[in-house]
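First the structure, in the form of structure tokens, and then the observations on it.
Remember, it's 1-based here, ligands and their atoms both numbered in the order they're listed.
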Amino acid sequence: MKLCMIGTGYVGLVSGVCFSDIGNVVYCVDKDKNKIEALNNGKVPIYEPGLEEILKRNYKKKRLIFTTNLKEAVTKSDIIFICVGTPTKKNSNSADLKHVYTVAKELKKIIKKYKIVITKSTVPVTTGDKIENILSKLKKKKLVDIVSNPEFLREGEAIRDFIYPDRVIIGTESNKANKILKSLYLPIIKKMSRYFRTSRRGAEMIKYASNAFLATKISFINELANLSEKTNVDIKDISFGMGLDQRIGDRFLRAGPAYGGSCFPKDTRALLDTGKKFKTDLSIIKTVVNSNNKRKILLTKKIDKILNNNFANKIITFLGVTFKPNTDDMREASSIPMIKYLNKKKCKIRYYDPSGKKKEFFNYKNVKYYNNISSACFKTDLIILHTEWNEFKLLNFKKLVKKDSFLIYDLRNIYSPSKMKKNKLRYFGVGR
Ligand code: UDX
């Protein structure tokens with residue numbers, strides 16, 4: 001089939017590349033000329049393991065076309081995916097849908113032959129109805145079906161999530177669109193994934209409900225971690241013991257710093273906003289959002305405690321600053337408020353992250369990027385293991401730091417407290 005992905009951000013690019021790999025011709029469109037030029041030169045603007053290789057393979061086979069020409073791409077395609085950003089609006093909780101509606105208005109002028117228009121961007125329930133209003137003339141002439149097909153791709157694991165999804169959700173009232181989409185997804189749904197057709201509003205809601213539920217699971221275990229710390233219980237045992245109950249499951253029960261990234265914080269806020277618009281109190285989600293915000297302050301205070309409020313001339317090393325491993329994404333990473341706070345305390349902050357230097361810290365006087373673990377840790381006073389990249393999982397701290405006394409604060413509970421104690425290392429974890 002011929003597909004058009006509008007927006008070559010994370011969702012559009014990963015989906016476009018993966019769709020081409022299962023045999024479709026995919027036009028990836030973006031307004032950003034530099035980005036399109038870079039992509040045409042084989043440069044991938046995001047950090048996603050495996051993506052570059054698949055992109056180059058399909059580009060060579062001419063199944064992937066990167067262009068700024070929306071009209072041509074839409075005209076030549078059967079299915080149009082809207083993959084533009086829906087960030088939180090400034091000073092509010094609501095999702096900013098201006099890019100989605102701009103695309104819909106452009107499509108109104110271009111479409112002359114039947115197309116399926118799909119929202120892959122995360123959009124609040126009823127957005128599809130509004131797009132349908134914009135395209136109402138085309139709808140009346142049966143030239144368009146507007147469908148919701150949310151993505152569930154995790155950064156760092158997006159390729160696998162695309163090829164082996166737990167489910168493909170299609171929200172449409174149109175049997176014709178459903179039939180076409182089922183055949184588009186056939187190579188994937190054959191691999192055991194579930195194809196679930198529901199209403200368009202239902203699909204829009206499933207996406208928010210899923211992210212909000214996962215965020216709730218994380219906040220739940222994070223709050224219990226606070227209690228475990230005070231009662232001398234290891235939260236890892238609690239997660240494991242709970243997870244053995246198949247009704248609960250052990251995934252997304254890892255205690256850590258506040259959840260971050262481009263989805264959970266933004267989508268929980270947007271869901272609250274939708275609740276408000278429809279006069280429905282979503283008290284659980286409200287609590288989750290507050291709990292996650294409070295967590296950033298709580299963990300920063302813990303650093304005060306670990307250092308006995310003695311920051312003078314201290315060297316603090318962050319290992320990993322991204323919101324999770326295998327991504328260069330810094331959006332809503334808990335390292336940002338932590339480093340901001342420590343920078344004010346005038347200690348010397350070093351950081352190393354496998355995905356490189358971060359613009360977020362350019363203006364901080366006391367923050368310096370190191371391009372390897374050893375120099376970042378040399379003679380440091382405190383190591384903060386912020387992100388669980390694989391290369392941080394088997395460190396010999398004494399050899400790295402090369403001094404008698406230093407502290408380790410493991411925000412991801414990578415190491416065993418008893419082994420650390422045995423090795424006479426001063427170690428702090430989360431909820432243990
Ligand atoms: C998420 C969803 O998982 C995905 O389905 C959706 O489409 C996009 O949003 P992503 O933001 O890439 O994916 O990362 P995810 O792996 O879900 O982690 C989100 C945050 O939760 C990270 O900060 C991570 O460190 C944290 N997390 C996750 C925990 O603290 N504990 C866990 O057990 C799992």
Checklist outcome for this item: Looking only at protein heavy atoms, what sits closest to atom 4 (C) of ligand 1 is L153 O, 3.7 Å
Next on the checklist: If the condition is side-chain contact (heavy atoms from CB on, under 4.5 Å), which residues does Y101 pass it with, not counting sequence neighbours?
Outcome noted: L97, T127, K130, I131, I134
Checklist entry - Do side-chain atoms of N24 reach the backbone of V26 as a donor and acceptor pair under 3.5 angstrom? => result no
Checklist entry - Does V288 offer a backbone N or O that forms a donor-acceptor pair with the side chain of N292 under 3.5 Å? => result no
Checklist entry - Which protein heavy atom lies closest to atom 9 (O) of ligand 1, and at what distance to 0.1 Å? => result C263 CB, 3.0 Å
Checklist entry - Just checking, R167 and F196: is the charged tip under 6.0 Å from the six-membered ring centre and within 45° of the axis? => result no
Checklist entry - What residue and heavy atom of the protein are closest to atom 23 (O) of ligand 1, and at what distance? => result G260 N, 3.0 Å
Checklist entry - Who's closest to atom 10 (P) of ligand 1 heavy-atom-wise, of K324, K207, K266? => result K324
Next on the checklist: Just to check, does E157 reach to within less than 4.0 Å of ligand 1 when the distance is taken from its heavy atoms?
Outcome noted: no
Checklist entry - So is F264 polar-close to ligand 1, meaning N/O to N/O under 3.5 Å? => result no
Next on the checklist: Checking a contact table here: which protein heavy atom is nearest atom 25 (O) of ligand 1, and how many Å away?
Outcome noted: R412 NH1, 2.9 Å
Item to check | Distance from atom 30 (O) of ligand 1 to nearest protein heavy atom, with residue and atom | outcome: I218 CG2, 3.5 Å
Next on the checklist: Against Y369, only a single residue in Y351, F361, F318 fulfils ring pair (Phe, Tyr, Trp, His ring centres under 6.0 Å); can you say which?
Outcome noted: Y351
Next on the checklist: Geometry only, no angles: is S262 polar-contacting ligand 1 at N/O separations under 3.5 Å?
Outcome noted: no
Checklist entry - Sub-3.5 Å donor-acceptor pair from the side chain of T268 to the main-chain atoms of P265, do we have one? => result yes
Item to check | Side chain, backbone, both or neither: L253 near ligand 1, heavy atoms under 4.0 Å | outcome: backbone
Checklist entry - Considering distance alone, does some N or O of Y259 sit under 3.5 Å from an N or O of ligand 1? => result no
Next on the checklist: Between D96 (side chain only) and T86 (backbone N and O only), is there a donor and an acceptor less than 3.5 Å apart?
Outcome noted: no
Next on the checklist: Between F323 and Y259 (judged by ring centroids, cut-off 6.0 Å), do the two rings come close enough to count as a pair?
Outcome noted: no
Item to check | Per atom 13 (O) of ligand 1, closest listed option by heavy atom (R251, E151, R154) | outcome: R154
Checklist entry - Where the closest heavy atom to atom 5 (O) of ligand 1 is concerned, which of F152, Y10, F323 has it? => result F152
Next on the checklist: Between D353 and S355, do the side chains contain a donor N or O and an acceptor N or O under 3.5 Å apart?
Outcome noted: yes
Checklist entry - Looking only at protein heavy atoms, which one is nearest to atom 12 (O) of ligand 1, and how far off is it? => result E155 N, 2.6 Å
Checklist entry - atom 31 (N) of ligand 1: which protein heavy atom is closest, and how many Å away? => result R254 O, 2.9 Å
Item to check | Validation row, ring centre Y427 to ring centre Y409 under 6.0 Å | outcome: no
